[in-house]
Amino acid sequence: MVKLIGYEIKKCFLKKSILLLLMAFTLVNLVSIYGTYRDDSNFDEFPRWKELYPAFYRQFKGEMTEEKISSLLSLYRPVEARIDDRTASTAMDDPDTYTGNIYSDYYFLNWNFVKPMEYLYTYQMQASEITRSARSNLLFYSDVGNDYEYRKNQIIAGLYENRNVREFEFTGLYHSFVHYDFSILLVLLLSLYALAGVFVSEKESGMEYLLLTTRQGGRRTTMAKLIASTLFVSVVSLWFILTDFFGFAAIYGTFDGGSLPVYALENFEQSAVGMPLAEYAVVSTAVKILGAVIAGLIFLFLSRFFRSALFPHVLGLLAIFALAWFFGRYSASSHLILKICNPFTLLQCRTVFRVTEFVNFFGIPVLTYQVTLLIGAVWCALLMLAISVFAGKNAAGKSGWLGNGGRLGKGSGVPWNFLHLN
């Protein structure tokens, strides 16, 4: 079976066209990563900021002590006062400023240090308030006998209790990585191109019938194709995700921020998970690969029914657009079932990880991301089963090289017309 899987990988995926497309998509992705960096970061727009940042960052990085906060405010308050009284000069070569302009100083300190540190330092108070509200709700829902809401608030209180961020670190790498989606499209397009013809090629050449006359044919071949395709999609997904991460790391020039909890990112302040950002990067990678595998299985399932590669390609593109449209339409809505059942949600898993919301599962509150992962696993199993069920049975059996006692004919499982093909 291992040799058969290796043969299918070599035959279906180690093609010059696929490798060239992979290289081209990688280059396109790197260009997109740099474009995203320019959009997310102000350093490219303000070169002086990029020069100043390392010195300031070394001073304030690490544990957020009162001494560091006071030191930062002693730099920031005078700049803020000059801005507030509307007498500040607009000169771009002011010698009494860090960047050459007082307004530039203000935004440099505010955007890169004051606001981020304020969020991290005060997050503990926000989490404590959420915990207090949840515990207060426990008493209310206990009195009115609402078991579902009682359990939900009990989970919330446990999630937010003792949450805090003690250190200040640069999180630009993880912010860009977590919110970067362009490579998902590249993975889907490459997977569609590679998988849409996995079954079609043998139908076009007539090899499908010949394979049914061998011991390795039929369902064993289908299973090998299935495993090979899953490995291909997984490797391609991992390749692009690693390209994303190390691409951003190379541009930002740092891996800092990985030790901070995931809620150190501002739009993850209500996240249901509290793992470190580095761990979340690994978890989200695995979840995205699962989503890509499900998409690949959909492409593979579609290719099972056609003898021309055109139809699986077209239907695969339509499936991508449909899933993406439904995701965009319902990802932020109250229709949770339409979000958690959509495989595209796994590809953009931050939508379920950055919020604390629940699905009512027979009166038991279950976190949305947990249900999404469970449904993703079910999708994967059902698609694999469906592809296997539609696989043809091989004609070779124990009673001879062929299942019909070694004779080719109408009882052999091979279409009789095939034997007369020129």
Side-chain angles (χ1 to χ4, degrees), residues 118-166 178-179 259-284 286-288 290-291 294 326-382:
E118 181 183 19
Y119 167 74
L120 297 176
Y121 190 78
T122 60
Y123 183 82
Q124 182 176 3
M125 292 182 284
Q126 298 179 40
S128 297
E129 180 60 32
I130 293 173
T131 303
R132 282 195 295 270
S133 297
R135 295 203 179 283
S136 176
N137 290 339
L138 289 178
L139 297 175
F140 172 76
Y141 288 118
S142 176
D143 291 339
V144 299
N146 191 327
D147 291 338
Y148 175 78
E149 290 295 335
Y150 180 88
R151 292 176 178 177
K152 188 170 77 172
N153 280 271
Q154 193 174 39
I155 294 173
I156 293 173
L159 289 174
Y160 285 84
E161 191 172 24
N162 298 322
R163 278 193 178 187
N164 62 77
V165 185
R166 299 184 180 278
V178 166
H179 294 85
S259 61
L260 298 183
V262 68
Y263 45 79
L265 301 179
E266 287 198 41
N267 61 344
F268 275 73
E269 61 183 330
Q270 296 182 8
S271 174
V273 297
M275 65 186 72
L277 280 167
E279 184 179 335
Y280 175 76
V282 175
V283 171
S284 65
V287 175
K288 288 179 180 179
L290 174 60
I294 293 173
F326 274 100
F327 175 81
R329 177 70 175 81
Y330 296 105
S331 62
S333 74
S334 58
H335 301 283
L336 291 182
I337 191 67
L338 295 176
K339 176 169 70 173
I340 62 179
C341 290
N342 189 343
F344 212 87
T345 302
L346 296 169
L347 294 169
Q348 292 192 354
C349 57
R350 66 176 180 274
T351 56
V352 290
F353 278 115
R354 71 183 180 187
V355 294
T356 302
E357 57 185 7
F358 298 85
V359 175
N360 190 334
F361 189 74
F362 298 105
I364 300 174
V366 183
L367 288 164
T368 305
Y369 81 86
Q370 295 174 335
V371 181
T372 303
L373 292 176
L374 177 61
I375 292 177
V378 172
W379 263 113
C380 200
L382 289 178

**Student:** Just wondering, do Tyr150 and Leu138 contact through their side chains at under 4.5 Å, heavy atoms?
**Tutor:**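 Yes - at least one pair of side-chain heavy atoms lies under 4.5 Å apart.
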
**Student:** As an exercise, state the distance from CZ of Arg163 to OG of Ser271, rounded to the nearest 0.5 Å.
**Tutor:**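 Nearest 0.5 Å value for the CZ-OG distance: 6.0 Å.
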
**Student:** Does the plane of the ring in Tyr280 sit parallel, tilted or perpendicular to the ring in Phe353? Use 30° and 60° as the thresholds.
**Tutor:**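 Tyr280 and Phe353: perpendicular rings.
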
**Student:** Would you say Asn164's side chain and Asn162's backbone share a donor-acceptor pair under 3.5 angstrom?
**Tutor:** yes

**Student:** Between Phe140 and Asp143, is there a side-chain heavy-atom distance shorter than 4.5 Å?
**Tutor:** no

**Student:** As an exercise, state the distance from CG of Leu373 to CG of Leu290, rounded to the nearest 0.5 Å.
**Tutor:**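 Result: 7.5 Å between the selected atoms.
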
**Student:** Looking at every non-hydrogen atom in both residues, tell me the closest pair between Ala272 and Leu159 and how far apart they are.
**Tutor:** O-CD2, 3.5 Å

**Student:** Just by modelled atom types, is the Cys341 backbone N or O under 3.5 Å from a matching donor or acceptor in the Trp379 side chain?
**Tutor:**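 Present.
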
**Student:** With Leu346, which of Val352, Ile375, Ile340, Thr372 fulfils side chain to side chain contact (heavy atoms under 4.5 Å, CB included)?
**Tutor:**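 Of the listed options, the one satisfying the test is Thr372.
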
**Student:** Kindly say whether Leu338 contributes a backbone atom to a donor-acceptor pair with the side chain of Asn342 at under 3.5 angstrom?
**Tutor:**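 Not a single qualifying donor-acceptor pair exists.
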
**Student:** Where do Phe358 and Pro365 come nearest, in terms of heavy atoms and distance?
**Tutor:** CD2-CB, 3.8 Å

**Student:** Please check if the side chain of Ser136 supplies one atom and the backbone of Arg132 the other of a donor-acceptor pair under 3.5 Å.
**Tutor:**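 It does not hold such a pair.
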
**Student:** Could you tell me which non-hydrogen atom of Leu277 sits nearest to which non-hydrogen atom of Pro261, and how far apart they are?
**Tutor:**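 Smallest heavy-atom distance, with atoms named: CG-O, 3.9 Å.
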
**Student:** Specify the closest pair of heavy atoms between Thr131 and Glu161, including all atoms of both residues, with the distance to one decimal.
**Tutor:**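 Looks like OG1-N, 3.4 Å.
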
**Student:** Under 3.5 Å, is there a donor-acceptor pair between the side chain of Tyr123 and the main chain of Glu269?
**Tutor:**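 Checked: pair present.
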
**Student:** Between CG of Leu347 and CZ of Phe327, what distance do you get to the nearest 0.5 Å?
**Tutor:** 8.5 Å

**Student:** With rounding to the nearest 0.5 angstrom, report the SG to CZ distance, Cys349 to Arg354.
**Tutor:** 11.0 Å

**Student:** Nearest 0.5 Å please: distance from the OH atom of Tyr263 over to the CD atom of Glu266.
**Tutor:**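 Taking OH in Tyr263 and CD in Glu266, the distance rounds to 14.5 Å.
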
**Student:** Do you know the tightest heavy-atom contact between Ser259 and Pro276?
**Tutor:** O-CB, 4.1 Å

**Student:** Ignoring hydrogens, what is the shortest heavy-atom contact between Ala134 and Ile156? Give both atom names and the distance.
**Tutor:** CB-CG2, 4.0 Å

**Student:** Is any side-chain heavy atom of Asn267 closer than 4.5 Å to a side-chain heavy atom of His179?
**Tutor:** yes

**Student:** Answer yes or no: are there more than 12 heavy-atom neighbours, outside Phe361 itself, under 6.0 Å from its atom CZ?
**Tutor:**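 Counting other residues, nucleotides and ligands, CZ of Phe361 stays at 12 neighbours or fewer.
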
**Student:** As an exercise, state the distance from CZ of Arg151 to OH of Tyr141, rounded to the nearest 0.5 Å.
**Tutor:**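 It is 15.0 Å, given to the nearest 0.5 Å.
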
**Student:** Sub-3.5 Å donor-acceptor pair from the side chain of Thr345 to the main-chain atoms of Lys339, do we have one?
**Tutor:** yes

**Student:** Would you check if the side chain of Tyr160 reaches a backbone N or O of Gln270 as a donor-acceptor pair within less than 3.5 Å?
**Tutor:**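 Yes, the answer is positive, given that a donor and an acceptor are paired below the 3.5 Å cut-off.
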
